[in-house]
Every structure is written in C-alpha cells, then in structure tokens.
Amino acid sequence: MAAAAASSQSLPITVSNLVKAYGDLRVLDDVSIAIRPGEFMTLLGPSGSGKTTLLMALAGFVSPESGSIRFGEQEMITTSPHKRGVGMVFQSYALFPFMSVVENVAYPLKIRGVSPAEQKSRAEAALEMVKLGGYGGRRINQLSGGQKQRVALARAMVFEPRIILMDEPLSALDKKLREHMQIELKQLHQKLDATIVYVTHDQREALTMSDRIAVINKGRIAQLDEPKALYRRPNSLFVADFIGETVLLPVQREGDGVSLQGRKLKLATPTPSGNGPLQLVIRPELLQLDAGDDGDTNTIAGVVRQTIYQGDSVLLIIDAGDGREVSVRIATSRAGQASLPDSGSRIALGLHRDDTVVLAEQAP
Amino acid sequence: MAIQDMPGASPWTQRLLAIYGALVLFFLMLPTVIVIPMSFSDSQYLEFPPTSWSLRWYREYFGSSAWMSATWTSLLVAVLTTLLATPLGTLAAYGMHCTSDRVRNSLQLLVLMPVVVPSILVAVGVFHLYAIVDLNYSITGLVLAHTALAVPFVIITVLSSLNNYDMTQEMAARSMGASRPQAFLGITLPQIRFSVLTGAFLAFITSLDEVVVAKFISGGENATITRRMFNALRDQIDPTIAAISTCLIVVSVLALAAVQFFGARSKGRT
Amino acid sequence: MSAVIAMNADELARGQRRERAQFIGLSLPATLLILIIVFLPLFWLSSLSFLDRGGELSTENYQRLTGDLYVEAFVVTFQISAAVTALCVLLGYPLAYWLSRKPQHTANLLLICVLLPFWTAVLVRTYAWLVLLQRNGLINNTLLSLGVIDAPLQLAHNLTASIIGMVHIMLPFLVLPLYATMKSIDGDLVRAAVGLGSSPTEAFWRIFVPMSLPGLFAGVVLVFIMSLGFYVTPALLGGGRVQMLAQRIESTITIFSNWGAASALGVVLLVMALALVALLHRVFGLDKLFVR
C-alpha cells in the first residue's frame with residue numbers, strides 16, 4: 001500500500017538550463033538536474049556556490065532569468081511560491097512565535113480551508129510523527145532548538161506535500177543532536193511520500209542522508225552521484241577535496257599511463273586526457289600498512305614522521321619523498337595497533353587499484 | 001545588563017554630574033508641570049502657587065462654543081489623519097522594506113523630507129496649492145496636509161521594526177500556501193502591530209499639536225485649537241489656555257504611556 | 001525545450017518587473033501624498049522666486065535679500081540657532097552621559113522626563129514659558145520674594161526668552177540620538193583605558209568623547225536645522241522684537257503680500273536646511289536618527 005502510494009504520489013523535479021545572475025555574477029550558471037520521484041537529493045557545496053539559490057528557485061522565492069523547472073510534467077518556473085505546494089524547512093526554522101506549536105503546524109491546513117477539527121487531528125498526527133506528541137499547547141519560546149526543528153519539520157509535511165525542500169535545517173543544532181537528527185530525518189523520509197531536496201555544506205551530513213548528492217560549485221553542478229560513488233570516484237579535484245579527507249600526490253604521465261616514485265600505477269579509472277599535471281587522490285583510511293604486492297595493489301614508499309592519536313583512530317604522517325606528506329588512518333583496534341611502525345622507520349603503503357584515482361589538476 | 005558605571009571617576013565628579021543632570025531634567029519638566037496647577041487657579045493673573053483654586057478656566061473652556069468647535073475640529077482632523085497615515089505609512093514601509101536597497105534608500109530620503117523641511121515653507125506652499133484647488137479652510141485639506149506630515153513617523157517606526165523582523169517567516173507562510181497579502185496580514189502584521197500602534201499615536205499627536213500649517217490653511221469654522229491658541233497668545237495671556245494646555249498635556253501623557261507600554265510589550269515578545 | 005526556456009525567460013522578466021512595481025506601488029500613496037503636499041509647492045515656491053512682480057524672469061527677489069531688513073533676519077537667525085545649539089550641547093551632553101551610565105531601569109524612568117516634553121505640543125510648552133517668564137510670573141515672583149531683585153525683570157518678549165524657549169523645545173532632539181550613541185559605547189573600553197594607566201579624566205576625553213561624536217553631531221545638526229526654520233516659539237516669546245527667517249517669510253506674505261521676496265527667502269532657507277540634511281545623512285544616516 002505504502003509503496004504503491006509512493007510511486008503515484010511523490011513527484012520528479014526536472015530543472016533545465018536554469019540561469020540566475022546578480023549583475024555580472026552568475027549564481028546559477030545553466031544548471032540542469034533531474035531529481036527522481038521519492039528521492040532524497042542533497043545539494044552540497046561551499047557557501048556562495050549557489051546551492052541555496054537553486055533551492056529558493058525551486059520554492060519560487062528566487063526568480064531566475066531563464067530556464068525551466070518542472071514538477072512532474074507541470075512547468076512551475078513562473079508559479080508563485082504559494083501555488084507550488086512544496087513543504088519547506090528553513091535554516092532559522094521560521095516558526096511563528098505568536099502561535100502555539102499546534103497552531104504553527106496547523107497553519108498550512110488553515111490556509112487551505114481544512115475544517116478546524118481535521119486541522120487539529122492532522123497537526124497532532126504530524127507532531128506525533130516527529131516525536132512531539134503532547135507538545136501542541138506549548139509556546140514556541142518554550143522549546144529547545146531540537147524541538148523547534150521538529151516543529152518546523154511537522155509543519156512542512158502536515159499538508160502532505162509531494163516535494164519537501166530543506167535549507168540547512170540542522171545547522172543551528174549542536175553536533176551530537178545534529179547527528180541524531182540526521183538519522184531520524186532519513187527514517188522519516190522512508191515513511192514520507194515525498195521527494196526531498198536538501199541543502200547543506202556539511203559533506204558528512206550529505207553522505208549520511210542522501211540517495212544522491214549534487215555537488216555544486218560556482219553555480220554549476222560539479223558532480224551528481226550516489227554517496228559511495230561520489231566518495232570513491234570523484235570526477236574533479238574540487239569534489240575530491242570537498243568530500244571526505246583527501247591527500248593529493250603529484251604523479252607523472254608515462255605513455256598513456258601514470259607513474260609515482262618511478263613505478264607505474266594501476267588505475268581504477270582511465271588516465272585523464274590532455275597533458276596537464278595530474279594528482280593522485282588518496283583517502284587516508286584506504287591506505288594499508290605493509291602491503292604485499294598481490295598484483296592489484298600500488299605501493300608508495302615513505303618514512304614515518306609523526307604519529308597522532310585521535311581517539312577512534314591513529315593518524316600516521318608519512319614523508320613520501322620531496323617533502324610530500326601522506327597521511328594514513330589506522331583504526332585503534334587491537335589488530336590495527338599491533339603493527340604500528342615507529343617514527344623514522346621506512347615503510348611501504350599499499351593502495352588497491354580500485355581505490356587508485358588520478359585526476360587532472362585543471363578540469364578539462 | 002550590567003550596570004555601567006563611570007570608571008574611576010571620583011565620587012565628587014559623579015555627584016556633581018548627578019546634580020547637573022537632575023537640574024536639566026527639572027528644566028525640561030518644569031514648564032509641563034507648572035501649567036497644570038495654574039490651570040486650577042481662581043485668579044485672572046496666573047500666579048504660582050495659586051492663592052485660591054477653582055475650575056473657572058475649565059468652565060470657560062468647555063463653555064465656549066468657539067473653543068469647543070476648534071477642539072472638535074482638531075480631534076476630527078487628528079483622528080482622520082491617524083486613520084489615513086497609519087495604513088498608508090505601514091504599506092509604504094512594507095513596500096520599501098521589500099524592494100532593493102537602492103530604491104529603498106531614495107524612497108526613504110524622500111519620505112523623511114517633511115520632517116526636516118521648515119514647517120513655515122510647507123505652510124506657505126500648501127496655502128498656495130490649496131488656493132488653486134480650493135481646499136483652504138477645509139477639513140479635507142487639513143487632513144491631507146497633516147497626513148503628509150505624519151506619515152513619515154509611521155514609516156520610520158514600522159520600518160525600524162521590520163528591520164528587526166525575520167522575513168523568512170513570511171516566506172515560510174507562503175511556502176505553506178499563503179498568498180503575499182495573507183502572509184503579511186496573518187503572520188507579519190500581528191508581530192509588528194505594536195510599532196504600527198506607536199506610529200498611529202505619533203501621527204495623532206503630530207496632527208493634534210501642529211500649529212504652523214494649520215495657522216495658514218485652517219480658519220473660519222474649521223480653525224484648529226492650536227490656531228486659536230496661537231492667536232490668543234499673541235494678544236494676551238488668557239488663563240483659559242492653561243486649562244486647554246492641561247488637557248493637551250493629558251493627551252500627550254496618555255499617548256506616551258501607551259507607546260511606552262506597547263514598546264515594552266513588543267520588546268518582551270522577541 | 002529551448003523554445004519553452006525562451007518563453008519562460010520572457011515570462012520571468014515580466015514577473016520580476018511586476019513584483020518590483022508592486023512593492024513600489026505599496027509605497028506610492030504615501031510618497032505621492034508627500035510629493036504633492038510638500039514637494040510640489042516647494043518647486044512652485046522656488047520658481048516663483050525667480051520672477052519679478054511683472055512675471056518676468058529675474059533675480060530681483062534675490063537682490064532684494066541683500067537689503068538691511070533681510071540681512072538682519074539672516075544674522076539673527078544664525079546667531080539664535082548657534083546659541084540654541086550651543087546651549088543644548090552644554091545642557092544635553094552631561095545629561096545624556098549621566099543617563100547612559102545609569103542602570104537601564106533607572107535610565108528608562110528618567111528618560112520619561114525627556115520624552116514627555118518631546119511629546120507635548122510645542123505651543124503648550126511655549127505658553128508655559130510665557131507664563132513662567134511674564135512680569136508677575138513664577139520666576140520674577142521667586143526672585144522678588146528672595147530679595148534678589150527689587151522690581152520685576154522684563155523676561156518675556158525678548159531675545160533671551162526666545163532662546164530659553166527654543167532650547168527647551170530642541171533639547172530632546174539632541175539628547176535622544178546622543179543617549180542612543182552613548183548607550184552603545186562599551187563601558188569596558190573606558191575601564192580598560194583606566195586599567196592601563198590613563199586617568200579617568202583622560203580616558204573620558206580620549207576614548208568616550210570621540211566615540212560619542214557621531215551621536216553628538218547628529219543632534220547638533222538636527223537642532224541647528226530645526227532652529228533655522230523655527231517659527232512658533234520666537235514668534236510668541238520674542239514679542240515681535242525677534243524676527244527670524246520664518247517670521248520674516250510669514251510677514252512678507254501676510255503683511256506685504258510679496259510672494260516673490262518671501263519665496264526667495266524660503267529658497268535660501270530650504271537650501272541651507274537641505275545642505276545640512278545632506279551632510280547629516282552622509283555622516284550619520286537619516287534613517288538611524290529616529291530609531292529609539
């Protein structure tokens with residue numbers, strides 16, 4: 001029943017050639033993106049990248065210069081915000097301080113002319129859903145930050161919108177609560193019958209919650225992929241650097257392949273075309289200590305410089321020659337710690353070919 | 001808030017400053033305070049303290065058809081001005097708040113002009129304008145002129161509270177299906193209502209107390225109380241005016257009290 | 001697809017224009033009213049000032065302003081405005097300082113003594129001074145009974161009376177912006193200076209006073225502008241002996257019905273006021289003046 005409803009209810013969003021400019025600055029530079037029905041899509045990018053502008057354009061609060069925004073088959077780009085039927089959660093929550101919790105949540109229903117009795121029951125149900133059952137009578141200023149966040153969520157979904165937009169909704173919460181809410185939001189999404197577009201600058205949050213992530217930089221979509229693919233196969237140094245912890249090592253072109261420390265590397269992806277400088281993208285936790293060469297592993301030689309204890313892991317700083325530093329993350333498990341090398345010792349690090357990604361310094 | 005003292009200042013300096021400050025405050029309050037007891041004097045000459053008390057001058061005021069008609073004219077004009085200036089000013093402030101900075105700045109400058117242009121120039125100008133369109137000595141003319149003078153105060157108070165208001169609330173309401181007017185009336189207006197009321201009181205007082213423009217463009221049966229008072233004061237010091245002044249002071253005190261009360265309420269709300 | 005996008009672009013541009021027009025439209029009734037009631041007549045006045053009595057274009061009206069009568073009005077106006085402004089600073093600065101260092105609650109109560117006169121009609125306050133300063137008014141009677149003087153002094157209907165009345169009217173306009181500025185000065189700065197070895201007097205003059213200057217400047221300019229064009233108080237308390245610009249304009253029209261000359265005077269007054277306003281706006285921002 002729920003699954004059948006999901007396929008019929010939630011809407012795909014198709015954005016084509018969207019342009020928004022402030023003077024000479026193109027905040028959205030010919031953006032096209034297809035969001036699947038029922039998907040949790042995150043727009044991820046540094047501040048000023050245009051991710052919030054894109055979200056606001058979807059909501060109708062930013063009017064683009066040109067392009068097309070379709071919800072399902074319907075063109076929406078010139079539709080007023082109040083006729084788009086999207087739920088929205090704001091960074092500041094934007095709760096109405098002069099209304100009680102339940103009045104806040106019932107507001108979209110009231111505007112739609114729903115009967116008072118139904119308003120109340122549906123608002124209470126929505127509050128129940130965000131685990132705030134029984135809080136309806138409270139005033140907004142009596143709530144904690146996390147509770148306000150939940151009220152904003154309940155208010156955005158109470159009228160069962162087929163699209164819900166969220167603008168950094170967790171950024172005002174402290175780290176612990178934020179991580180908790182990430183899981184809860186994800187679970188809520190599975191119960192809800194809506195396409196969610198979520199904006200954040202926190203890459204870990206994006207990886208945790210999303211079905212797919214669109215990395216946005218300078219008004220363009222740098223890469224759109226599932227979290228795992230995005231992390232393991234970044235298509236540009238920008239994405240590699242923005243997502244996860246990254247160490248870069250310059251590598252040399254050699255014929256149609258690349259080499260590091262004079263050894264030819266086995267690559268997961270084709271060598272980038274052109275003849276510009278190349279970088280090897282290394283994730284510290286994917287490097288292995290004392291790797292034997294099984295034919296599928298690249299080795300990097302180096303000298304241990306420093307050992308940094310970080311609680312859940314130990315970070316080794318390795319000098320890979322020419323003053324280039326590589327870091328290796330080792331779990332603080334018994335097995336991990338047994339083989340920890342001393343400072344000053346020479347070691348060989350292993351990088352499996354599937355994890356070996358080489359990118360051009362300049363995007364093609 | 002921590003008490004902000006005067007760091008390191010000697011007790012003598014502090015005491016001297018306190019005495020000086022109190023004297024200046026006394027200077028500010030003295031005229032207002034002195035008129036009230038004098039209005040209850042029984043004497044033709046305004047002595048202080050009065051040797052005998054009476055309501056003579058109030059009887060004189062309330063018994064005079066000329067004073068009463070002027071009073072009603074002033075009250076009517078002030079009420080109509082308030083009713084006109086408050087919505088116009090609120091809408092203008094909202095519109096200005098929502099436009100681009102450039103447009104807002106120029107509109108703001110334009111709208112603040114009536115506050116700084118010498119009132120004698122406005123008076124002379126309006127007098128001439130009304131001579132052409134035949135509005136001199138009319139209630140309509142007075143109301144329009146007073147509204148132009150009062151509307152800046154409404155705009156200033158409402159704009160300043162919109163500056164402290166989180167407009168994303170209105171966006172939230174609109175995302176939930178409210179049209180812009182619905183969002184403004186249902187969400188924004190309830191939260192800025194105290195500043196709208198403050199603006200309304202300012203508009204009322206501005207109109208009620210206005211002398212110079214009224215001196216030129218009001219007259220005949222539509223003379224305002226301030227115009228009558230001004231002319232009476234030029235001739236001789238009529239003690240009836242002490243009674244009228246006391247009534248005007250009471251109105252001012254009430255308006256100020258209301259504004260202070262609303263101001264405290266609106267601050268307590270955020 | 002590209003056709004749809006091009007169509008959308010037109011529609012979007014139209015939508016943006018419509019939205020911008022709507023907001024300006026909201027301000028339109030108020031701005032139009034101000035334009036018609038305040039600005040239109042001012043334009044008419046200025047054009048009138050360049051016509052002679054026969055309706056020909058001339059600078060006759062401005063040449064006339066060099067006559068003794070008008071020159072005197074300018075001089076008196078400037079002298080009075082300067083005196084009023086100076087007295088306001090003398091009275092207002094210590095008061096604002098004292099109030100700004102008080103705990104919020106006490107300061108709010110004391111501020112009512114500044115706000116109440118501010119809200120009381122100018123005419124009422126002028127009347128009160130007339131009563132206080134008259135021959136057998138409170139001040140003369142007090143001085144007589146104390147034996148300071150033998151015969152009542154002529155206090156009302158002269159220059160001094162006008163200045164006293166105007167200072168009383170203008171003082172709140174100086175104190176309120178000054179108080180707001182002083183309130184925002186961080187007391188820790190002065191404390192830090194004292195802690196670092198400055199004497200309290202030195203810290204006050206070198207740290208506090210410079211930081212309060214924007215508010216002082218705003219108040220001073222505001223008081224000066226308003227004094228330049230002030231009418232009611234000098235007209236009543238001056239007893240005809242004090243002729244500032246505003247009264248000169250009024251009498252030129254009502255007594256001599258010389259609109260041209262009055263307009264020229266008005267234009268000069270207006271230009272001076274607007275120049276000061278522009279200066280004030282540049283330094284302080286007009287909009288900030290009135291926010292309490």
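Excluded from the calculations below are hydrogen atoms, water molecules and symmetry mates; all remaining heavy atoms, backbone and side chain alike, are included. Numbers restart at 1 for each chain; the letters A, B, ... are given by sequence-line order, proteins then strands.
- Note: S92(A) OG to M167(B) CE = 12.5 Å, rounded to the nearest 0.5 Å.
- The parts of F96(A) that come within reach of chain B are both its backbone and its side chain, each placing non-hydrogen atoms under 4.5 angstrom from that chain.
- The heavy-atom pair separating A183(B) from Y107(A) by the smallest distance is CA-OH, 4.4 Å.
- With rounding to the nearest 0.5 Å, the separation of CZ in R84(A) from OG in S175(B) is 11.5 Å.
- When each of V86(A), I111(A), L95(A) is checked for heavy-atom pairs under 4.5 Å with chain B, I111(A) comes out on top.
- A distance of 10.0 Å separates CD in Q182(B) from NZ in K110(A), rounded to the nearest 0.5 Å.
- Of the possible polar contacts, one joining the R112(A) side chain to the M176(B) backbone as a donor-acceptor pair under 3.5 Å is found.
- By the neighbour-count criterion of 12 heavy atoms within 6.0 Å, atom NZ of K120(A) is sparsely surrounded, having that number or fewer from other residues, nucleotides or ligands.
- Around the CZ atom of F159(A), the shell of radius 6.0 Å holds more than 12 heavy atoms that belong to other residues, nucleotides or ligands.
- The OG atom of S80(A) lies 9.5 Å from the CZ atom of R180(B); values are rounded to the nearest 0.5 Å.
- L109(A) does not touch chain B: none of its heavy atoms, backbone or side chain, sits under 4.5 Å away.
- Atoms OH and OG1, from Y93(A) and T168(B) in turn, are 12.0 Å apart once rounded to the nearest 0.5 Å.
- Contacts with chain B (heavy atom to heavy atom, under 4.5 Å) involve these residues of residues 55-66 of chain A, listed by number: M56(A), F61(A).
- Closest heavy-atom contact between P97(A) and Q191(B): CG-OE1, 3.1 Å.
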